[in-house]
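So the structure is just underneath, and the comments pick up after that.
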Amino acid sequence: MGSKNSTAAKRADALRSIDAIVQAAGECLGKNPEASLSEIARAAGVGRVTLYAHFNSRAEVVDAAMSRAIDRGNEALDAVDLTGDPLLALARYIEAGWQLVNQARALLAAAQRELSAGRIRDLHAGPAARVETLVARGRAEGVFRTDLSIAWLVNILHTVMHSAAEEIRAGRLTPNHAADHITATVLAAFTPPGKPVPQTSGEA
């Protein structure tokens, strides 16, 4: 009985340590994509030995932090109304999705350095599936182009969002203009050839 209780206590301690490390990684990397494992361990209140007991590499720590951020982002995106006019639904998704990308700019930069492009795509599978459904509906209603694949259109959307984060980091774009720029660019890319691009209400 005592052995079982001891094992359960050790497991609970391990889970608490892992949670603290992932939380600290998200915060540290969210401020500085080059934050070291020592900094993350200190912020988590654990030693490097404890950190390495749960994670084999910096890439694993970054992966765990990015996974948590995307899980929380998915919860926020669940609240976005994607019904009705596909154009307006897309604009609402971009507004909400961009806020999440903007908040995680530094963490995303760390992920792009540490993780493969394939792994980053896998992590974004949830948001991608949400947009795929919206794009399919927009195509069926004649609003979005059908000469390019749904997967390609979704990739364009997420690439433009991530490019906006890079432009902000480089000082060439301000956060308050990003959503309007993204929306205008994506609507132009999604509009069927020969049709006028819908106007956005944001600033140029």
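One is the number of the first residue; the rest follow in order along the sequence.
No path of Ile, Leu, Val, Met, Phe, Trp and Tyr side chains, each step under 4.5 Å between heavy atoms, connects Y93 with L88, placing them in separate hydrophobic clusters. Y52 and V22 fall within the same hydrophobic cluster, defined by Ile, Leu, Val, Met, Phe, Trp and Tyr side-chain heavy atoms under 4.5 Å apart, directly or through other members. Under the 4.5 Å side-chain heavy-atom criterion for grouping Ile, Leu, Val, Met, Phe, Trp and Tyr, W152 is connected to V186 within one hydrophobic cluster.
In this structure a side-chain-to-backbone donor-acceptor pair under 3.5 Å is present from R137 to G84. Here the side chain of E60 pairs a donor or acceptor atom with the backbone of N56 at under 3.5 angstrom. Side-chain atoms of R145 never come within 3.5 Å of backbone atoms of P193 as a donor-acceptor pair (strictly under, hydrogens ignored).
A salt bridge does not link R16 with D19: every distance from a Lys NZ or Arg NE/NH1/NH2 to an Asp or Glu carboxylate oxygen is 4.0 Å or more. For R92 and D85, the salt-bridge test fails: no basic side-chain N is under 4.0 Å from an acidic carboxylate O.
When all heavy atoms of A189 and I156 are compared, the closest pair comes out as CB-CG2, 4.1 Å. The nearest pair of heavy atoms linking I168 to P175 is CD1-CA, 3.7 Å. Between P33 and A106, the shortest heavy-atom distance links the atoms CB-O, 3.3 Å. Closest heavy-atom contact between L148 and R139: O-NH1, 2.6 Å. Taking both residues in full, the closest heavy atoms of A165 and V101 are given as CB-CG1, 4.2 Å, listed atom of the first, atom of the second, then distance. When every heavy atom of V80 is checked against every heavy atom of A96, the shortest pair comes out as CG2-CB, 3.5 Å.
Counting heavy atoms from C-beta on, the side chains of T146 and P192 never come closer than 4.5 Å. For the pair R119/D122, a side-chain contact is recorded, criterion being any heavy-atom separation below 4.5 Å from C-beta on. Side-chain contact between F144 and L87: present, with at least one pair of heavy atoms (C-beta onward) separated by less than 4.5 Å. When side chains are defined from C-beta on, L90 does not count as touching V143, because their heavy atoms never get closer than 4.5 Å. L29 is listed as a side-chain neighbour of I40, based on a closest heavy-atom distance under 4.5 Å. Considering only heavy atoms from C-beta on, E95 stays 4.5 Å or farther from I182 through its side chain.
Under the 3.5 Å distance criterion, with hydrogens and angles disregarded, a donor-acceptor pair is assigned to the side chains of R130 and N74.
If you take CZ on R58 and CD on E34, they are separated by 8.0 Å, rounding to the nearest 0.5 Å. Taken to the nearest 0.5 Å, the CG atom of N102 stands 11.0 Å off from the CG atom of L108. In this structure, OG1 on T183 lies 11.0 Å from CH2 on W98, to the nearest 0.5 angstrom. Expressed to the nearest 0.5 Å, how far CZ of R105 lies from CG of L100 amounts to 13.0 Å. To the nearest 0.5 Å, the span separating CG on L82 from OG1 on T133 amounts to 9.0 Å. Taking CG of L153 as the reference point, atom CZ of F190 lies at 5.0 Å (rounded to 0.5 Å).
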### Message
If you apply the rule side chain to side chain donor-acceptor pair (under 3.5 Å), what do you find for S67 with D63, and how did you get there?
### Response
CA-CA 6 Å; S67 295; D63 191 302; 3.3 Å; yes
### Message
Evaluate Q103 against Q99 for side chain to side chain donor-acceptor pair (under 3.5 Å), listing each step before the verdict.
### Response
CA-CA 6 Å; Q103 290 164 14; Q99 292 302 326; 4.8 Å; no
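Ring planes of H158 and H124: tilted class, angle from 30 to 60°.
Residues in residues 154-174 take part in these salt bridge (Lys or Arg N to Asp or Glu O under 4.0 Å) pairs, two or more places apart or across chains: E166-R169, E167-R172.
Among residues two or more places apart in sequence or in another chain, the side-chain contact (heavy atoms from CB on, under 4.5 Å) test is passed with A69 by L107.
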